[in-house]
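I have placed the structure first, in the form of structure tokens, so that the comments after it can refer back to it.
These numbers come from the heavy atoms of this one structure, side chains and all, not from hydrogens, waters or symmetry mates. In what follows, chains carry the letters A, B, and so on, assigned in the order in which the sequence lines appear, proteins first and then strands, with residues in each chain numbered from 1.
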Amino acid sequence: MALEKKTFYVTTPIYYVNDVPHIGHAYSTVGADALARFKRMDGYEVFFLTGTDEHGQKIAKTAKEKGLEPKQLADQVVERFKEVWVRLGITNDRFIRTTDEDHRKAAQAFFKKVMDTGYIYKADYEGWYCLPDEKFLLDSEVIDGKCPDCGRPVERIKEENYFFAMSKFQTQLEKYLADHPDFIQPDSRKNELVNNFIKPGLADVSITRSTVKWGIPAPVDGNATIYVWFDALINYISALGWPDGENYKKFWPADVHVIGKDILRFHATIWPTMLMAAGLPLPKRVFGTGYINMGGEKMSKSLGNVVNPMNLMDTYGPDALRYYLLREVVFGFDGTYTEETFEGRFNGDLANDLGNLISRTLTMVEKYFGGSIPEPSKKESFDSNLDIAWKMGSLEHARELMDKLAFDVVLGQYWELIKAANKYIQDSAPWNLAKDESKKEELQKVIFTMVEVLRVTALRLSPFMPFTAQAIWEQLGFTDKVEKHSFSETETAGVYQKGQKVKVGTPLFPRIEKKKEGEKAEVGGQDAIVAAQGNLKKKITQHFKTALNLKPECGWLASSSLEYPVLLAQGKYGFYVRTPDKKRVIIEVEQQKLADSKAVDGVYDHLLAETQKLFTNAG
RNA sequence: GGCGGGGUAGCUCAGUUGGUUAGAGCGACGGUCUCAUAAUCCGUAGGUCGAGAGUUCGAAUCUCUCCCCCGCUACCA
């Protein structure tokens, strides 16, 4: 009886095609890819899914603005995503689009199935609706005829909708979370979620929209479509061919859904209860990642500080971006992108530590052994001086860390060996050994040890930096694909052909030279301005609260939501103040002014004056 | 307002169940080798561990109060 290969199923969010890919998308996708690659090399049969979420009012609206059909818009944006993923070396097994025919069918079948179990019911709904957010609002939530989240006008709608009886699963979900403490990660997010949403009680969810045309038709009378979230979540099983597909049987339940923290709520409430209603197993884990902030600011289109991953890759290459995202940022928490930290990682870790180690090692093989990897002498072919560093990154340890998605720690451990190897070279000084014929054997040992370090490093780094790993592999004279190898080979001595020749190539990570004074001021200036604006905004808010005793009632509009640009013109910030008669007033501030420290006092005075006026008027 | 997480060297952070001179990485400075991508390697850098009080033989580590930052969430009918 043949042993069944262990399986592993990992997913990314399906990205909403209302936006083109940015560094945040790359972040979660690269993480999922590293995990998928790791599991493959560790002997699992892996299914790795990514894709796009294409339905909903917002897409229809954006498409209309551009004079396109929704599907045309989606087609265009999908290409942008695929382009980036190819460039980044993403190894997804399927790219699912919610407009795919099999997904439509599965979504409808799922809807029906839940309806048959009695967990979907019909009810009238009348109330306020925020169209851009696709969100129903209570009377009490609406402020001055505007959406409390995004500040845009709401509409009064009346429709007959179908509801998913999520409230019926209150107890079951709570029990599940208690029995599976690792279901939602990281823990901090889990607590937020449980305290704010689950404990207070789950509410039923409207899962059809009779006013939205761009969506999957609900399998009921009339021409309602399925609510975009209900539709989207199903992608995780429709992609596997649910209900009858082989892949579904093989891979479901998912081992981990990697998602952004903004959508954790849906994945931790609606999705599990949907599955419960349908009588299907729940995913084993939902992992919420953080945001990548820019300088001192959140990333947003209106601030013009969105980093396009393509541009970064043009400058630094795909592996440098992958490395940066996986090493610099703790997966699951927010991180900050700045050019300085990026270059720091690049020059320090990639060029000086890794790149240079490769160069000096291969050069010595070339110089002292005519390019042939020296025969390991019988005993002590590998120098035990490196044992400790070696073991820090042992496979066993790496497995534990990868199961926690602690990519930064794993890479840190791997780098211990790389650093130790640089020291090892320095300490054993092969250039001196080479001068003395009697020390030939020792020289062989040293050089062979270094080659071994590179071989193991190539294997280890393959999930994280696949292009680099392959390049090292080939420079060592191997001709096959490193990713086809198993991690078990990192625990055993390397197998080389007799006289295997290395190939010295050009440096993989040429140092980024410090920019000339002028350039630096200009480029660094951008980051500096963004950071300075962040600080000034904080300062202004603080002064404000103190001055007017307004504590929680004023602040800058959150720019994290990508809807922000609809509200404010490019180049402006919105400062809001809640007046005594409970209205929220937005005061616009020119972004430019916050960039100039001299103008800041003016801004502050302006805001203060405006606000005091409001307070006076309101009495 | 509620819940949660934090405030430790210039920067990013580690600091187990309280215990000798508070650590790492990066940056900075000085030195060194020369195989290498002006890379490597070695050494130095003296931070009232947010503030105050308390418990204790002894606290960054426990208790209380206060200040500040961040996240999630709510409300100001």
Side-chain angles (χ1 to χ4, degrees), chain A residues 138-144 148-149 184 186-200 261-262 264-265 268 288 290-291 293 296 298 327-330 332-336 338 340-369 408-409 411-412 415-416 418-435 443 446-447 450 504-514 531 534-535 538-539 541-542 545-546 550-555 558 560 577-584:
Chain A
L138 301 173
D139 286 350
S140 61
E141 288 180 308
V142 177
I143 297 160
D144 199 17
D149 292 340
I184 302 170
D187 285 339
S188 54
R189 300 264 154 68
K190 172 183 163 181
N191 296 335
E192 290 175 355
L193 205 107
V194 171
N195 289 336
N196 288 314
F197 287 96
I198 299 177
K199 270 193 198 157
K261 65 175 178 182
D262 49 332
L264 187 61
R265 207 158 134 178
Y291 292 147
N293 296 323
K298 288 191 174 174
R327 177 74 196 267
E328 180 70 20
V329 184
V330 180
F333 294 85
D334 289 356
T336 299
T338 66
E340 282 76 19
T341 55
F342 196 104
E343 286 191 4
R345 285 295 176 188
F346 190 95
N347 279 345
D349 297 356
L350 299 180
N352 297 352
D353 291 346
L354 176 60
N356 189 44
L357 179 69
I358 298 166
S359 292
R360 61 198 310 205
T361 300
L362 296 183
T363 304
M364 284 192 268
V365 174
E366 189 97 319
K367 252 185 184 160
Y368 306 141
F369 297 97
D408 60 317
V409 185
L411 285 168
W415 244 257
E416 289 301 323
I418 292 167
K419 289 180 175 195
N422 271 321
K423 180 174 163 57
Y424 170 71
I425 295 174
Q426 196 68 23
D427 292 346
S428 34
W431 46 93
N432 288 335
L433 300 175
K435 288 173 192 157
L443 179 65
V446 171
I447 302 296
M450 281 153 53
V504 181
T506 52
L508 295 172
F509 301 102
R511 276 182 68 83
I512 301 161
E513 292 311 322
K514 292 231 169 85
N535 289 336
K538 277 179 203 161
K539 228 172 245 175
T541 314
Q542 271 174 34
K545 289 180 175 175
T546 326
L550 280 172
K551 203 124 187 174
E553 311 225 19
C554 70
S560 57
V577 180
R578 182 91 59 189
T579 65
D581 52 345
K582 315 305 177 199
K583 287 187 179 162
R584 192 164 80 163

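When the C1' atom is used for both B:C49 and B:G18, the distance is 14 Å, rounded to whole Å. One C1' atom belongs to B:G6, the other to B:U61, and the distance between them is 15 Å to the nearest Å. Rounded to the nearest Å, the gap between the C1' atom of B:G15 and that of B:G7 is 15 Å. Spacing between B:G4 and B:G43 at atom C1', rounded to whole Å, works out to 44 Å.
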If you restrict it to nitrogen or oxygen atoms, what contacts under 3.5 Å exist between nucleotides 22-24 of chain B and the protein, and what is each distance?
none

Could I get a table of every N or O pair under 3.5 Å where one atom is in the protein and the other is in nucleotides 33-36 of chain B?
{"unit_1": "B:C33", "atom_1": "O2'", "unit_2": "A:W431", "atom_2": "NE1", "d": "3.4"}
{"unit_1": "B:C33", "atom_1": "O2", "unit_2": "A:Q426", "atom_2": "NE2", "d": "3.3"}
{"unit_1": "B:C35", "atom_1": "O3'", "unit_2": "A:K367", "atom_2": "NZ", "d": "3.4"}
{"unit_1": "B:C35", "atom_1": "O2", "unit_2": "A:R360", "atom_2": "NE", "d": "3.1"}
{"unit_1": "B:C35", "atom_1": "N3", "unit_2": "A:R360", "atom_2": "NE", "d": "3.3"}
{"unit_1": "B:C35", "atom_1": "N3", "unit_2": "A:R360", "atom_2": "NH2", "d": "2.6"}
{"unit_1": "B:C35", "atom_1": "N4", "unit_2": "A:R360", "atom_2": "NH2", "d": "3.1"}
{"unit_1": "B:C35", "atom_1": "N4", "unit_2": "A:Q426", "atom_2": "OE1", "d": "3.3"}
{"unit_1": "B:A36", "atom_1": "O2'", "unit_2": "A:N356", "atom_2": "OD1", "d": "2.6"}
{"unit_1": "B:A36", "atom_1": "N3", "unit_2": "A:N356", "atom_2": "ND2", "d": "3.1"}
{"unit_1": "B:A36", "atom_1": "N3", "unit_2": "A:R360", "atom_2": "NE", "d": "3.4"}

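The CG atom of A:N422 sits 8.5 Å away from atom CD1 of A:I418, with the distance rounded to the nearest 0.5 Å. In this structure, CG in A:N347 is found 11.5 Å from CG in A:N356, a value given to the nearest 0.5 Å. With rounding to the nearest 0.5 angstrom, the CD1 atom of A:I425 is 7.0 Å from the CH2 atom of A:W431. The structure places NZ of A:K419 at 12.5 Å from CG of A:L357, a figure rounded to the nearest 0.5 Å. How far CG of A:N352 is from CZ of A:R511: 4.5 Å, rounded to the nearest 0.5 Å.
In this structure, A:D408 atom CG and B:G25 atom C1' are separated by 13 Å, rounded to whole Å. Between A:F333 atom CZ and B:C69 atom P there is a gap of 21 Å when expressed in whole angstrom units. A:I418 places its CD1 atom 15 Å from the C1' atom of B:A39, with the value rounded to the nearest Å. What separates CG of A:N191 from P of B:G5 is a distance of 7 Å, to the nearest Å. The distance from atom CD of A:E328 to atom P of B:G27 is 12 Å, rounded to the nearest whole Å. Between the CG atom of A:L357 and the C1' atom of B:A39 there is a distance of 11 Å, given to the nearest Å. In this structure, A:N347 atom CG and B:A38 atom P are separated by 11 Å, rounded to whole Å. Following rounding to the nearest Å, A:F346 (CZ) and B:G25 (P) show an atom-to-atom distance of 22 Å.
Residue A:K419 is in sugar-phosphate contact alone, with no base atom involved, counting any heavy-atom pair closer than 4.0 Å across all strands shown. Using a 4.0 Å heavy-atom criterion, one finds that A:N195 contacts the sugar-phosphate atoms exclusively. Across all strands shown, A:L362 has no heavy atoms under 4.0 Å from either base or sugar-phosphate atoms. Counting non-hydrogen atoms under 4.0 angstrom, A:F509 reaches a base of the nucleic acid. Within 4.0 Å (heavy atoms only), A:P510 reaches at least one base atom of the nucleic acid.
Where A:R327 and A:L193 each meet RNA chain B at their nearest nucleotide, the meeting point lying more 5' is that of A:R327. Residues A:K261 and A:D427 each lie close to RNA chain B; by heavy-atom proximity, the contact nearer the 5' end of the strand is made by A:D427.
Contact between A:G288 and A:P186 at its shortest, heavy atoms only, is O-CD, 3.3 Å. For the pair A:G332 and A:R189, the tightest heavy-atom approach, listed with the atom from each and the gap, is O-NH1, 2.8 Å.
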Check: Which string of ( ) [ ] | and . matches RNA chain B, if you list each base 5' to 3' and count Watson-Crick or G-U pairs only when both distances are under 3.5 Å?
Finding: (((((((..((((.....[...)))).((((.........)))).....(((((..]....))))))))))))....
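For A:N195, the side-chain hydrogen bond (donor to acceptor under 3.5 Å, both in side chains) partners two or more places apart in sequence, or in a different chain, are A:K199. By the side-chain hydrogen bond (donor to acceptor under 3.5 Å, both in side chains) test, A:S359 is found to be paired with no residue, residues two or more places apart in sequence or in another chain being considered. Residues satisfying the salt bridge (Lys or Arg N to Asp or Glu O under 4.0 Å) test with A:E328, not counting sequence neighbours, are A:R345.
A donor-acceptor pair is defined here as one N or O able to donate and one able to accept, closer than 3.5 Å; such a pair exists between the side chain of A:D334 and the backbone of A:Y291.
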Next item on the list: Begin from the C-alpha positions of A:N196 and A:R265 and carry the test side chain to side chain donor-acceptor pair (under 3.5 Å) through to its verdict.
Entry: CA-CA 10 Å; A:N196 288 314; A:R265 207 158 134 178; over 6 Å; no
Notebook entry, point to check: Is there a side chain to side chain contact (heavy atoms under 4.5 Å, CB included) between A:F509 and A:D349 once you walk through the steps?
Noted result: CA-CA 10 Å; A:F509 301 102; A:D349 297 356; over 6 Å; no
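Phosphate proximity of B:C42 to A:K423: present, with a side-chain N or O under 4.0 Å from OP1 or OP2. For the pair A:R511 and B:A39, the criterion of a side-chain N or O lying under 4.0 Å from OP1 or OP2 is met.
A donor N or O paired with an acceptor N or O is not found under 3.5 Å between the base of B:G71 and the side-chain atoms of A:D334.
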